[in-house]
Structure formats: C-alpha cells, structure tokens
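Atom set for the values below is all heavy atoms of this structure, side chains included, hydrogens, waters and symmetry mates excluded. Treat the numbers as computed from the prediction; the structure is a model and nothing was measured. In each ligand, atom 1 is the first atom listed, and ligand 1 is the first ligand listed.
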Amino acid sequence: MKLRDTLKINEKGRLEIGGVDCTELAAQYGTPLYVMDEAYIRSVCRGYTELLSRKYPNSKVAYASKAFSTLAIYNIVRSEGLGADVVSGCELFTAIRGGMPASDIYFHGNNKSAEELAFAVRENVHAIVIDSLYEIELLNEIAGRQGKKQGVLVRVNPGIDAHTHRFIQTTRPDSKFGFSISDGTAANVIKTIVSKKNLEFTGIHCHIGSQIFELKPFELAVEKMTDFIAALSHNNIKVPELNLGGGYGVTYTSEDKPLAPFEYVDAIVNKLNECIASKNIAAPKLVLEPGRSIVGEAGITLYTVGAIKEIEGIRKYVAVDGGMFENPRVSLYQSKYDAVFANRALDKPCETVTVAGKCCESGDVLIENIELPAAKSGDILAVFTTGAYHYSMASNYNRNPVPPVVLVCNGESDYIVKPQSYEDIVSRDSVPSRLGECK
Ligand SMILES: Cc1ncc(COP(=O)(O)O)c(C=O)c1O
C-alpha cells in the first residue's frame with residue numbers, strides 16, 4: 001500500500017492515521033471501526049478549489065455525498081468552499097442540518113418521490129437534476145403549488161464507454177440514467193422544460209462512470225457536452241451550467257494507478273476552454289461532482305482478527321469482526337483491497353490468506369488472496385481506501401450494528417457517527433398486540 005503524509009508507520013511499527021495510532025483507536029473505540037482522515041479530505045478539496053479558482057473561476061465543486069453522508073462531512077466540505085450533490089430526501093436533510101446552504105445543493109435521482117421534490121423546492125435547492133419525463137410534470141406542479149420557479153438541470157447520456165465495471169458505469173445506451181443526446185430525446189426534454197411555467201432550465205449534467213483512471217473519457221465527455229451546448233444555442237436555448245459529474249479513480253490496491261485528483265480537473269478545464277473557443281459558445285459555469293476521490297482514500301476500516309481456519313492445500317481463512325454489512329462493495333462489485341496488520345505494520349507478509357467477514361453468506365469475503373504476515377487472533381487488520389461507499393452502503397444485515405465512524409486530525413479523534421447498540425436496532429421494531437407479549 002502506498003502510504004502518504006498522514007497515513008504512516010510510527011516508531012512502534014504500527015500504522016498511524018491523522019497522527020493517531022490505529023491500534024490505540026481500536027482499543028479505545030472497538031472494532032469494526034471506520035476511521036476518516038480530515039486532513040486528507042481537506043487537502044483534496046483544496047486541490048480542486050485552488051486549481052479551479054486559477055483556471056476556471058466560474059465553477060463549483062459539489063461533493064457527491066452518496067460516497068459518505070454525515071453531518072460532519074458536509075461541515076468539512078462546506079468550510080472548504082464546496083457545495084453538495086444529494087440523491088435522496090435524507091441526504092438533503094443531512095446536508096442542510098450539516099450546514100450546507102441549500103443554494104449550493106444539486107438534487108439527483110432517477111425516481112425522486114413527490115415528497116422529496118416538495119422538500120427540495122421548499123428548501124430552495126439550487127437545482128434539481130431532471131432524470132425522467134414523469135418528473136418534469138410532477139416538479140412543475142409542485143413548484144407551482146409553492147409559488148416558485150425551480151432551477152433544473154437535465155441529466156443527459158452522452159453515450160461514452162468509460163471502461164469501468166458495468167454496474168457502476170452509467171452512460172451505456174442501456175442505462176436507467178439520463179436522456180440520450182444522440183437520439184434527440186435530451187433536446188426534446190429540454191424544449192419541454194423551457195415551456196414549463198414553474199421550471200427554469202439552468203443547464204445540463206452527465207456522469208460518465210466511476211473509478212475511471214484515464215483522462216480521455218472525461219475529455220470526450222466535454223467534447224460531446226459542448227457539441228450539445230452549441231446545438232442548443234442554435235435553437236436559442238442558453239445553457240448557463242455544465243455539470244460533468246465525478247468519477248475520478250482512487251487507489252484501492254497497488255494495481256490501481258490513478259492520477260492525482262486535481263489532474264482530472266485540470267484536463268477537463270483545458271478541454272473545456274479549448275471547446276468554448278473552437279465552438280464559439282458562451283462559457284458555462286462548470287460544476288464537478290467528485291465523491292470517491294474526496295473521501296475514498298481518507299478512510300480505513302479497522303477490524304479484529306478472530307477465527308482462523310486453514311483448509312489444507314486449499315485456503316486459509318482469516319475471519320474478522322466485519323463483513324458485507326459494513327462493506328458490501330466486494331459482493332456488489334468484486335472490489336479489491338489492500339490491508340496490513342495495524343499493530344505490526346512492518347512485519348513481512350509470508351502467507352496468502354482470504355479475509356472473511358462474519359456474515360452468514362459464503363460469499364461474505366472482504367479480501368480474497370492477500371499476502372499478510374502469519375495472522376494471529378487479536379491482530380488489528382487495517383483495510384485501506386474505505387472512506388467512500390462503505391459507511392454510506394452499510395446495513396444491519398444479520399442484525400450487525402453499523403460500525404461507528406471516527407474522524408482523526410492532528411493526533412485527535414472524535415466520533416462523527418456514534419456506535420449503534422442492539423437496543424437502537426430493536427427500537428424500531430414493533431409487535432402487533434394480536435401476537436401477544438414479547439419476553
Ligand atoms: C450523478 C453522480 N455524480 C457524481 C458521482 C460521484 O462519483 P465518484 O464518487 O466516482 O466521484 C456519482 C456516482 O455515482 C453520480 O451518480
């Protein structure tokens with residue numbers, strides 16, 4: 001694993017994050033534990049904002065909060081000058097509670113409910129990203145009822161193959177997201193929106209996929225989106241905002257070779273400036289929605305090793321106290337991870353093992369075939385790059401509590417999500433009286 005500034009091995013040979021010893025974090029807070037590194041999050045945010053303020057000031061970075069949505073993260077990214085993209089009523093609720101001004105919020109989703117739309121309009125979100133014909137009528141009516149003209153973007157499908165895992169690639173022709181540009185649907189949808197009394201067309205959006213390492217797909221997206229802006233302007237439709245989504249890759253294992261986060265933005269801006277000039281279009285406000293690249297590498301998950309099972313000549317399982325309830329990405333996307341024993345991070349790997357979770361599913365494996373030092377029960381396993389789409393995707397499967405989240409910075413650590421107790425989980429259950437008393 002490539003270690004970096006605030007992620008290092010200390011003089012005791014133990015892994016340290018944000019100036020805090022991970023073995024001590026495990027002892028203090030218990031495991032499994034999500035740990036988020038505040039300094040890293042801030043440094044990525046600054047990388048984006050500094051570059052954009054120099055090269056394309058009419059811009060906004062809207063943190064894609066589906067990656068990790070809690071009160072504290074909205075507080076951090078807002079203080080770095082970012083807005084937020086939300087995809088549900090409760091993400092919107094959390095963003096606003098976390099201090100994110102509604103005027104910096106973009107609301108996405110291919111099937112937002114009437115209640116969610118009414119909530120967003122009431123809160124005066126900057127833009128709702130239209131992603132279905134059904135939503136146009138519904139939103140127009142809701143905004144009218146509230147006496148408002150709601151700003152909307154239109155999610156379009158520029159039809160780019162970003163060569164990523166098929167489940168997280170969203171712009172194939174066969175996608176539930178976006179209106180196709182090539183078959184004319186997107187232009188027709190925009191014309192319909194422009195004719196609606198209570199909607200204000202403010203721009204177009206696309207998101208070409210996630211965990212993308214190459215610059216080319218992003219440059220291609222800029223090319224196609226600016227072609228579309230030029231075509232719309234020939235029909236006298238102005239496009240004040242161009243939102244290009246997120247998708248910049250991060251390092252999960254040494255096989256991943258992403259560029260630095262700001263390098264993707266640099267390439268996008270260079271291409272956009274070139275296209276604005278060559279196509280003679282009005283420069284739109286540029287909006288970018290990185291999620292994974294802001295929080296992914298900021299996070300690690302700490303586990304305690306429990307059972308160890310060796311099947312002679314076949315495999316050695318090292319079981320930890322987490323699993324698919326706190327990291328469903330392996331079962332969903334066959335995601336790969338790197339890990340070390342945090343309590344002895346300098347020990348040399350000497351065996352290939354499979355890290356298994358504790359859920360009642362044979363497929364509940366966290367890392368298949370990783371080289372580790374000989375595992376002992378009680379070791380603290382640190383899995384890297386778990387800041388994005390882990391806590392936010394966690395569940396109570398097998399009634400396992402969702403682990404707490406601790407934020408570390410300059411040697412300090414604090415809960416940003418408190419532990420869930422058995423009592424918390426059961427508290428929402430209800431037994432109809434006709435079933436009789438529970439014990
Ligand atoms: C509309 C939209 N914007 C932004 C993102 C963030 O992508 P990433 O976390 O890969 O940067 C996503 C991810 O699915 C998305 O659907």
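- Tested against Val408, the residues Val20, Asp414, Ile300 include a single side chain to side chain contact (heavy atoms under 4.5 Å, CB included) partner, Val20.
- Not close to ligand 1: Ala388, with no non-hydrogen atom less than 4.0 angstrom away.
- With a 4.0 Å cut-off on non-hydrogen atoms, Pro290 touches ligand 1 through its backbone and not its side chain.
- Aromatic pair His205/His108: centroids less than 6.0 angstrom apart.
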Problem set entry | Full working for side chain to side chain donor-acceptor pair (under 3.5 Å) between Tyr337 and Arg329 | CA-CA 10 Å; Tyr337 292 90; Arg329 293 187 67 254; 2.6 Å; yes
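- The contact set between ligand 1 and Gly291, taken as ligand atoms under 4.0 Å from a residue heavy atom, comprises 8 (P), 9 (O), 11 (O).
- Under a 4.0 Å N-O distance rule, the pair Glu297/Arg292 does not qualify as a salt bridge.
- Of the heavy atoms in His207, only side-chain atoms (C-beta onward) come closer than 4.0 Å to ligand 1.
- For ligand 1, the polar-atom distance check against Gln211 finds no nitrogen or oxygen pair separated by under 3.5 Å.
- With ligand atoms numbered from 1 in the order given, ligand 1 contributes 4 (C), 11 (O) to contacts under 4.0 Å with heavy atoms of Gly246.
- Of the candidates Tyr48, Tyr248, Phe213, Tyr264 forms a ring-ring contact (aromatic ring centres under 6.0 Å, His included) with just one, namely Tyr248.
- Remark: ligand 1 and Ala64 share no N or O pair separated by less than 3.5 Å (distance only, no angle test).
- Taking the ring centroids of Tyr106 and His126, they lie under the 6.0 Å cut-off.
- At a heavy-atom cutoff of 4.0 Å, ligand 1 is contacted by no atom of Val129, backbone or side chain.
- Residue Tyr389 touches ligand 1 through its side chain alone, judged by heavy-atom distances below 4.0 Å.
- Just one residue in the list Leu242, Leu153, Leu244 forms a side chain to side chain contact (heavy atoms under 4.5 Å, CB included) with Ile204, and that residue is Leu242.
- Close contacts between ligand 1 and Arg292 involve ligand atoms 8 (P), 9 (O), 10 (O), 11 (O) [criterion: under 4.0 Å to a heavy atom].
- The shortest N or O to N or O distance between His205 and ligand 1 is not below 3.5 Å.
- Considering backbone and side-chain atoms together, His108 places no N or O closer than 3.5 Å to any N or O of ligand 1.
- Checked against the 6.0 Å centroid threshold, Tyr415 and Tyr29 count as a close aromatic pair.
- Aromatic ring orientation, Phe119 versus Phe93: tilted (interplanar angle from 30° to 60°).
- Looking at Gly178, Ser210, Ser65, it is Ser210 that brings a heavy atom closest to atom 10 (O) of ligand 1.
- Every atom of ligand 1 is numbered from 1 in the order shown, and the set under 4.0 Å from a heavy atom of Arg155 is 1 (C).
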